[in-house]
2 protein chains.
Amino acid sequence: MSGEVNIKRLAQELNISIATVSKALNDSYEISLKTKNRVLSLAKELNYTPNPAASNLRSNKTKTIAVIIPCIANNFFSLAIKGIEEIARKYGHHVLIYQTHEDTEMEMSFTNSLLNGRVDGILTSVSSNEYNSDYYRDLVKKIPLVFFDRVYESLDAFKITTDDYQISFTATEHLIKCGCLKIAYLYGLGNLPAGRARFSGYKDALNAHGISYDENLVLNYSEDEDVNLDNIKKLFQDQYPDALFSSIEEFIIPAYLACNYLQLQIPKDVKILSFSNMSSAKLLNPSLTTITQPAFEIGNEAAKCLFKILNKRGIDDDQNIVLKSSLIKRASTGC
Amino acid sequence: MSGEVNIKRLAQELNISIATVSKALNDSYEISLKTKNRVLSLAKELNYTPNPAASNLRSNKTKTIAVIIPCIANNFFSLAIKGIEEIARKYGHHVLIYQTHEDTEMEMSFTNSLLNGRVDGILTSVSSNEYNSDYYRDLVKKIPLVFFDRVYESLDAFKITTDDYQISFTATEHLIKCGCLKIAYLYGLGNLPAGRARFSGYKDALNAHGISYDENLVLNYSEDEDVNLDNIKKLFQDQYPDALFSSIEEFIIPAYLACNYLQLQIPKDVKILSFSNMSSAKLLNPSLTTITQPAFEIGNEAAKCLFKILNKRGIDDDQNIVLKSSLIKRASTGC
DNA sequence: CTGTTAGCGCGTTCAT
DNA sequence: ATGAACGCGCTAACAG
């Protein structure tokens, strides 16, 4: 059987011992070049690959990392995964993916199932940081773990995030400079540091420019797209905002459509600005202004950070990396 | 150390043999209820979980499956993965994900890395069926494998697909019945059975209704979104089509925008119909007609099929499952 | 019902 | 430079 190629078989065919084969395959200094070559060429010929289970058992390493995220059907996370995969492949690691669908119980359940040595490390983007900081405080002692984007702020752990507060401040300022006075805020991720930071950036920018904050201009995200659409319409009819600042991509389409339904003729009358990683953002630029997070780079950095830990080398004192988002303005009006 | 909980430890603490513990944990009929309870309660107390590597090595099962797809940042595939994960979780399996980015070499490289027992089975959606049918012909003999959506048609293997030809025919017919005479076709996935089937459905429907096929109305997909946008504009200016039938979702935004730029005032003057699994399709319905593939269900069925194979039970003679797509018409005009 | 024994494939001693 | 022997944690055969 060609499926039964193991070091024992290689050893038999070459009339040498199993140990020698093992050492040759691992490029040990003890083995002569000649033997190494004999082993390697036969291994190649027979298409030998080591049995991962045996290797894991012996070495306590799996060459596998896990990624735990709320949802894969999301432009930000799918790009982040791409970034993670790139690094994982470079290090010859495999990637397990778990979707929590924003369910904290499931998040913990998945995480717990990884603590028995199934993976070498975990990259996670949590669903909420309200209730289980104790859980994560213990967890980070048990397994190499890097938080990305959605983190536990108060935790002493490795975190890759973006400049949510700063970019939000800048974006709001941008709208103000464009002449907007009543900027509505579409609020998402309120149970996470990122969401709260974005909201603070918005409020502080208003304040810095002498515009008083009006909570009637704030709309909370609903799971139901139809509800969001209705709420935005209502917001327009009741409050007459001259701009919408959406803190999450999920609001873009309802916002866009609400304006169209109400014949507000964006981009002329109303400005829409949103966090977004839509691949077609480039094409939508003429009509929308977007804040684009460096999703791919976040994945990249998170994975690099994890491999640094795994390889126990050069871990920076600073456990926080903050990447910069981009404010992409409307191509047509520069606004 | 609390990290060192294994069956040996359990056996010692309970003064019974390792084998008994193992059997108790696996709920063997040979073990008395009393012993089982003693073992289980101690296991729970010490937070014991079996070492996967050791278990894999001994049992030749990994409780892991792999999913190989072109790209995760795609509404269809991310939904399919959701469907796969649901079933995998039900069977207590973990899911490895590999993105090929439409690169056949990478596809084979990933697949080969899984043949040494790292996973129990593979779900794959191939990037092209042009060149390596021999490769897959051998592969299906080596490891349980199910193709989904993007398959090797001629291969005797498990395949989960959709009614591409039929729905494409129906959709084209729908446009014709709405009064369209010059229906342009935005052609994607030409190197795959699905893409070719869609195209055939379009041509056959035209033919069935006495409309002659005009190759000037066919536009091929480009990787570059800007090029697609330009091409669609040019198509409108040169050929004056009264409808666009897009065979892939990637064309939707450029098509939509091209119409807007050219002030074609969709949905009034031009009809756009596209394959799409955009989550906001519901909201876009008033202006676009879509063909929605049952992506989640495809993932579901593919995974179910794989687990049937793994559990060696009830494998249907028919290795092909074809699921039905939905034609979702414009809510406003029913057209 | 319980225990003893023998590996799964690999890597790591310690001999030679 | 090479090999014999052991054990990682678990499961399966066989004994009792």
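The chains referred to below are lettered A, B, ... by the order of the sequence lines, with proteins before strands, and numbering in each begins at 1. What's counted below: heavy atoms across the whole structure, side chains too, no hydrogens, waters or symmetry copies.
Look at B:Tyr48 and you'll find a side-chain N or O under 4.0 angstrom from OP1 or OP2 of D:dC10. Contact annotation: B:Thr20 reaches the phosphate of C:dG3 (side-chain N/O to OP1 or OP2, under 4.0 Å). A sub-4.0 Å separation between OP1 or OP2 of C:dC10 and a side-chain N or O of A:Ser22 is absent. OP1 or OP2 of C:dC1 has not a single side-chain nitrogen or oxygen of B:Thr35 nearer than 4.0 Å.
Rounded to whole Å, atom C1' of D:dG3 lies 14 Å from atom CG of A:Leu14. Rounded to an integer number of Å, the gap from CD1 of B:Ile18 to P of C:dT5 is 12 Å. With rounding to whole Å, B:Ile7 atom CD1 is found 16 Å from C:dT2 atom P. Going from atom CG of A:Leu10 over to atom P of C:dC10 covers 8 Å, rounded to whole Å. Atom CZ in B:Arg118 sits about 13 Å away from atom P in C:dC10, given to the nearest Å. Rounded to an integer number of Å, the gap from NZ of B:Lys63 to P of D:dG9 is 21 Å.
Within the 4.5 Å cutoff, the side chain of B:Val119 has heavy atoms near those of the B:Ile143 side chain. Proximity of B:Phe147 to B:Val140: side-chain heavy atoms (C-beta onward) are separated by under 4.5 Å at one or more points.
Using a 4.0 Å cut-off between a side-chain N of Lys or Arg and a carboxylate O of Asp or Glu, B:Lys82 and B:Glu85 do not qualify as a salt bridge. Between B:Glu13 and B:Arg9, at least one side-chain nitrogen of the basic residue sits less than 4.0 Å from a carboxylate oxygen of the acidic one, meeting the salt-bridge criterion.
Ring geometry for A:Phe110 against A:Tyr98 counts as tilted: the plane angle lies between 30° and 60°, on a 0 to 90° scale. Ring geometry for B:His93 against B:Phe307 counts as perpendicular: the plane angle is over 60°, on a 0 to 90° scale with 30° as the lower cut.
Contact check of residues 23-33 of chain B against DNA chain D (heavy atom, cut-off under 4.0 Å) returns B:Lys23, B:Asn26.
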Tabulate protein N/O versus nucleotide N/O from nucleotides 6-8 of chain D, keeping only pairs under 3.5 Å, one per line.
unit_1: D:dG7; atom_1: N2; unit_2: A:Arg58; atom_2: NE; d: 2.6

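Along DNA chain C, the nucleotide nearest B:Ser59 and the nucleotide nearest B:Asn15 are compared for position; the residue whose nucleotide lies closer to the 5' end is B:Asn15.
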Walk me through it: do B:Phe76 and B:Ile298 pass the test side-chain contact (heavy atoms from CB on, under 4.5 Å)?
CA-CA 10 Å; B:Phe76 174 79; B:Ile298 291 173; 3.6 Å; yes
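Contact record, A:Ala53 with A:Asn51: N-OD1, 2.8 Å, taken as the closest heavy-atom pair.
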